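Here it is: the structure, laid out below.
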Amino acid sequence: MSGIARRDLLRGGGLVVLFALAGSSVGQEGGTTGGGEGAGAPPEVAPGLPGSLAEFPHLDAWIRIAPDGAATVFTGKAELGQGIGTALLQIAADELDLSLECVSLVTADTGRTPNEGITSGSQSLQNSGTAIAHAAANVRYLLAERAAWRFGVAVETLSTANGVVLASDGRRATYGELAASLSLHVEARPQVVRKRIGVRHHIGRDRPRRDIPPKLTGAAAYAHDMTMPGMLHARVIRGPADGTLLTAPDFDAIARLPGVERLVRTGDFAAMLGPREWPLVQAMLTVGRMPWKRSGAPLPGGDLRDAIRALPAEPDVILERNAAAPVAVRHITARYDRPYLMHGAIGPSCAVALWQDGMMTVWTHSQGVYPLRAALAELLDLPLERVRCIHREGAGCYGHNGADDVAADAALAARAVPGRAVKLMWTREQEHGWEPLGPAMVAELSAGLDADGQIAEWTHAVWSNTHSTRPSRAGDLLAGLEVGRGFAPSPPRAIPQPNGGGDRNAIPLYTLPRVTITSLFVPQMPVRVSALRGLGAHMNVFAIESMIDELAAAAGSDPVAFRLRHLSDPRAIAVIRTLADRFGWARQPSERWRGQGLGFARYKNSGAYCAVAIDLRIEPETGATTVLRAEAAVDAGETVSPNGLRNQIEGGIVQSLSWTAHEEVRFDAARRTAFDWSSYPMIRFDAVPYRMAVHVIDRPSLPFLGAGEASQGPAAAAFANAVTRAIGQRLRSMPLSAERIRRAIAAD
Amino acid sequence: MIELTINGTRHRLDGDPAEPLLYILRNELGLHAAKFGCGLGQCGSCTVLVDGKAVQSCITPLAALAGRAVTTVEGLGTAAAPGVVQQAFIDEQAAQCGYCIPGMIARAEALLRADSRPTEASMRSAMRPSLCRCGTHMRILRAVRRAAMAMGGGIVDPTEPAS
């Protein structure tokens, strides 16, 4: 290649040079957790390395190069519909200098991928993305070093383009041939730097998601779609809901039902298996008619939120500050709360299991294949290496739903039929009845304004059960409690700060001179609960951002101006200013029964910054709300996929509108009474916003920040604040349903 | 024995006439686009076209389908050559987990075959039986608007432009 041609290529950005080493370690980005959930990830062994490289420093854990030059990337995180399957490839392709077509991805599989714990807490890009970026940069550097040795030149004189290392004299070597002559089983070097921002081709640009065309044309994309030769279908037999037990199931009758080939029983665990699915669906009608009783402790009467508030709690002051400030002259005290919420996967939980040659293989849509493997190994009394969990996509889960439990059900069923795969799916009624719920919560806030209308003091106390009962032991699985082997659930625990569980996002980002934030962890669980997207952030941001609006009103201040004068973080200010500007906050229509509201948070105070504004109209006779417009501004650090980021923020807003305005799990004396989409309604197309826009603030020089849970809290608060503006009253108890709004208007 | 057409192919099915179409599609014919969601006709994940109309296959027994023409999402196009509505969903990247989307596509196809110039309200009303838990609604609506335009029609009074 001539010098001129090479310069042209450089200008065109088609060629990447500049192999340089940084002077100091990258550091400061390490730490693999799922936002504090679960207990699966291993300890750091290379704390100087970024992202999950700190736990798995070897390059071949993350990237392998085939002789044809194609790269396979391994992530311990799972595709849950958030789009990481494509985003991680964009990162790898850019840092490797390969075309996207030459890169493929292997996701969470205990047999093949690093143990990155749980795919939760909006950590996939922060942990796995960061690890893959640096591993890929290291691989490219290694390949170039190999070429430099072969060509007898300095590595700094080389460049790479599309899977080829090029020397300035025109000599070239493909990645495939270079990789064949070296081992990638070496630790990443922290001083290898990533490519300059200006020469990245895929990061920060929209690339169509690779999984979408197959999913839209009937490919077997989900665990639910798997078929294997000789596979049996299965259904599990248990009481109708969490906390119940069949009193005297007539298993003989079930075994005689047509199409039931096999009944598997271990202790109280029971499942029926058959070659065809439809007869089992009919057999479940028989099960549904069997008598049951409550087996758990009696449910507290009344609204269970009040029960949570009254149960013994372990107070933990997570922030206390007593800076000098003017005396507060005006106080506002308020309680905010939310009911139990459902994850509500559209497809019931499902798993396929195969017991063969002493090995249990489970295809599961669990968010944590490694912790699940540990729990299954204990349940099945097998050594860890005899259990393999492979992630297969399911319907979106939004946290810890029935995915792990159904994997245990399938494994127990498969254990009874060696050599035959078993696909076990819960019924819709079981999914609604047995999924661990998102916890009910209560937050009590009190704040004082000084004579100038600045916040002088602030207290926030939040009562909640645990936000993670994710399994790592047999007793954490429903079946584990049924097999009669004495397994017990892990004791519930509070997820500590800085991630927090019930107290996630309880610490406001605002400048508050005197402040006390108390997390009141309630160990006793009247209802089995676990992680629901955002954990406590939905409740706490709803409460904080409602209170901020209440204070702004008391101070006679515009809510946006009030927020801005209590913030010092420039990225927070930029997000709110951008949104206010694009939304047209200063030019709001003033109509009766119409209101606008804004909410802001930085998820976990360490993730993405997000502000949401909502413009809505209320029908006073019915209380029905029409969301005319919802807009958001988001700063997720370096944006890998702008469209993917918008998709997550849009989805979070709609999901939060559903939680905040439509949803509530109700109970009778014995159990939850929500068994389908009629008894647990969620938002439908007639109630989603007329218009929506998401404004992305890209920060290419800053670390990736997860955004999958960034918009739920701000959207909930924006909705509440808009409703307040529209009806002149504040509603503090979710759901802010049409019925509650109607009653508030009628009582006014 | 029930005779019907599925994606243009004639089938003679001699199973239980009460068996819902969904199980036949998924388990006997290997057509996985239609999904089980609730089995109650409440969520729309299993939606297919029967004689051009949107039908929830989880509650539609074979007996009701004699002589009818069923079209599943597999019959609308392939990943290599997507149909108009599928292409609109791809163009809008209108999926998160994607589980509900084949049902959405079938429902949008039925709507636009009947009326390629619906109003915004009638589009939302037509899509209402289908649930999406990821909150992809705005993109799904954009995709339907885009598909309507691609079919030579369009939404009469769109609240949002197709991007």
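Everything numeric in this text was worked out from a predicted model, so none of it was measured. Reminder, nothing fancy here: chain letters follow the sequence lines and each chain counts from 1.
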Within-4.5 Å side-chain heavy-atom neighbours: A:Met682 and B:Leu131: yes

Tell me, for A:Thr227 versus chain B, whether the close heavy atoms (under 4.5 Å) come from the side chain, the backbone, both or neither. side chain

Over 12 foreign heavy atoms within 6.0 Å of CZ, A:Arg210: yes

Closest non-hydrogen atom pair, B:Arg26 against A:His224: NH2-O, 2.8 Å

Which one, A:His233, A:Gln82, A:Arg533, A:Glu431, leads in non-hydrogen pairs under 4.5 Å with chain B? A:His233

Heavy atoms only, distances under 4.5 angstrom: which of A:Pro689, A:Pro279, A:Ala693 has the most pairs with chain B? Name it, please. A:Pro689

If you compare all heavy atoms of B:Arg124 against all heavy atoms of A:Val688, which two are closest, and at what distance to 0.1 Å? NH1-O, 3.1 Å

Atom of B:Gly37, atom of A:Pro348 and distance for their closest heavy-atom approach: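 What the structure gives for the nearest pair is O-CD, 3.5 Å.
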
Can you find a heavy atom in the side chain of B:Met138 that is under 4.5 Å from one in the side chain of A:Arg646?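 No, too far: nothing below the 4.5 Å cut-off.
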
Given the options A:Ala687, A:Gly396, A:Gly344, which has more heavy-atom pairs under 4.5 Å with chain B than any of the others?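 Max contact count across the listed options: A:Gly344.
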
Heavy-atom proximity to chain A below 4.5 Å, by part of B:Leu76: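 Neither part.
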
Flag the one option from B:Glu28, B:Glu120, B:Met104 with the top tally of heavy-atom pairs under 4.5 Å to chain A. B:Glu28

With a 4.5 Å limit on heavy-atom distance, are the side chains of A:Ile346 and B:Lys35 in contact?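 No, too far: nothing below the 4.5 Å cut-off.
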
Take atom CZ in B:Arg68; do more than 12 heavy atoms of anything else shown fall under 6.0 Å from it?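 Counting other residues, nucleotides and ligands, CZ of B:Arg68 stays at 12 neighbours or fewer.
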
Please check if atom OH in A:Tyr690 has more than 12 non-hydrogen atoms from other residues, nucleotides or ligands closer than 6.0 Å.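 No, the 6.0 Å shell around OH holds no more than 12 heavy atoms from other groups.
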
If you take all heavy atoms of B:Cys97 and A:Gly394, which pair is closest and at what distance?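 Looks like CB-O, 4.3 Å.
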
Between A:Gly83, A:Pro208, A:Gly644, who has the most heavy-atom pairs with chain B when the cutoff is under 4.5 Å?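 Top count of heavy-atom pairs under 4.5 Å with chain B: A:Pro208.
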
So what's closer than 4.5 Å to chain B heavy atoms on A:Ile683: side chain, backbone, both or neither?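 Both parts, heavy atoms under 4.5 Å.
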
Atom pair SG (B:Cys58) and CZ (A:Arg428), whose distance is rounded to the nearest 0.5 Å: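 Answer rounded to 0.5 Å: 10.5 Å.
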
Considering only heavy atoms from C-beta outward, does the side chain of B:Gln93 approach that of A:Asp206 to under 4.5 Å? no

Are any non-hydrogen side-chain atoms of A:Asn643 and B:Arg139 less than 4.5 angstrom apart? yes

Check: A:Leu216 main-chain N/O paired with B:Gln86 side-chain donor or acceptor under 3.5 Å: yes

Answer yes or no: is there a side-chain heavy-atom contact under 4.5 Å between B:Cys134 and A:Tyr398?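 Contact flag for B:Cys134/A:Tyr398 side chains = yes.
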
Which one, A:Glu393, A:Glu79, A:Glu429, A:Lys215, leads in non-hydrogen pairs under 4.5 Å with chain B?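 The residue among A:Glu393, A:Glu79, A:Glu429, A:Lys215 with the greatest pair count is A:Lys215.
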
Is B:Ile90 in contact with chain A via its backbone, its side chain, both, or neither, using a 4.5 Å heavy-atom distance? both

Would you confirm whether A:Tyr222, through its side chain, and B:His32, through its main-chain N or O, come within 3.5 Å as a donor-acceptor pair?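 A pair under 3.5 Å: no.
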
Minimal non-hydrogen separation, A:Arg684 against B:Gln42, with atom names: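 The answer is NH2-O, 2.8 Å.
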
Given 3.5 Å as the limit, does a donor-acceptor pair link the side chain of A:Arg209 with the main chain of B:Gln96, or not? yes

Relative to chain A, which segment of B:Phe36 carries a heavy atom at a distance below 4.5 Å: side chain, backbone, both, or neither?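 Interface part for B:Phe36: both.
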
Where does A:Met231 contact chain B at under 4.5 Å (heavy atoms): side chain, backbone, both or neither?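 Neither part, no heavy atoms under 4.5 Å.
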
Is A:Arg276 salt-bridged to B:Glu19, cutoff N-O under 4.0 Å? yes

With a 4.5 angstrom heavy-atom cut-off, could you sort out which part of A:Ser656 is near chain B: side chain, backbone, both or neither?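 Looking at A:Ser656, nothing touches chain B.
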
What's the separation between atom CZ in A:Arg691 and atom CG in B:Leu141, rounded to the nearest 0.5 Å?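 Nearest 0.5 Å value for the CZ-CG distance: 14.0 Å.
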
Separation of A:Glu277 CD from B:Leu22 CG (nearest 0.5 Å): 7.5 Å

For A:Gly347 against B:Tyr99, the heavy-atom pair lying closest together: CA-CE2, 3.4 Å

May I ask you to say whether A:Glu663 pairs ionically with B:Arg133, meaning some side-chain N is under 4.0 Å from a carboxylate O?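 Answer for the salt bridge query: yes.
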
Determine the option with the most heavy-atom pairs under 4.5 angstrom with chain A, choosing from B:Ala121, B:Cys38, B:Gly83, B:Ala33.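 Top count of heavy-atom pairs under 4.5 Å with chain A: B:Cys38.
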
Top contributor to chain B interface from A:Val654, A:Asn647, A:Asp686, A:Asp676 [non-hydrogen pairs under 4.5 Å]: A:Asn647

Would you mind telling me which of B:Leu31, B:Val85, B:Thr78 has the largest number of heavy-atom pairs within less than 4.5 Å of chain A?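 So the answer, after comparing B:Leu31, B:Val85, B:Thr78, is B:Thr78.
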
Hey, what do you get for CG (B:Asp16) to CD (A:Gln282), rounding to the nearest 0.5 Å?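 It is 5.5 Å, given to the nearest 0.5 Å.
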
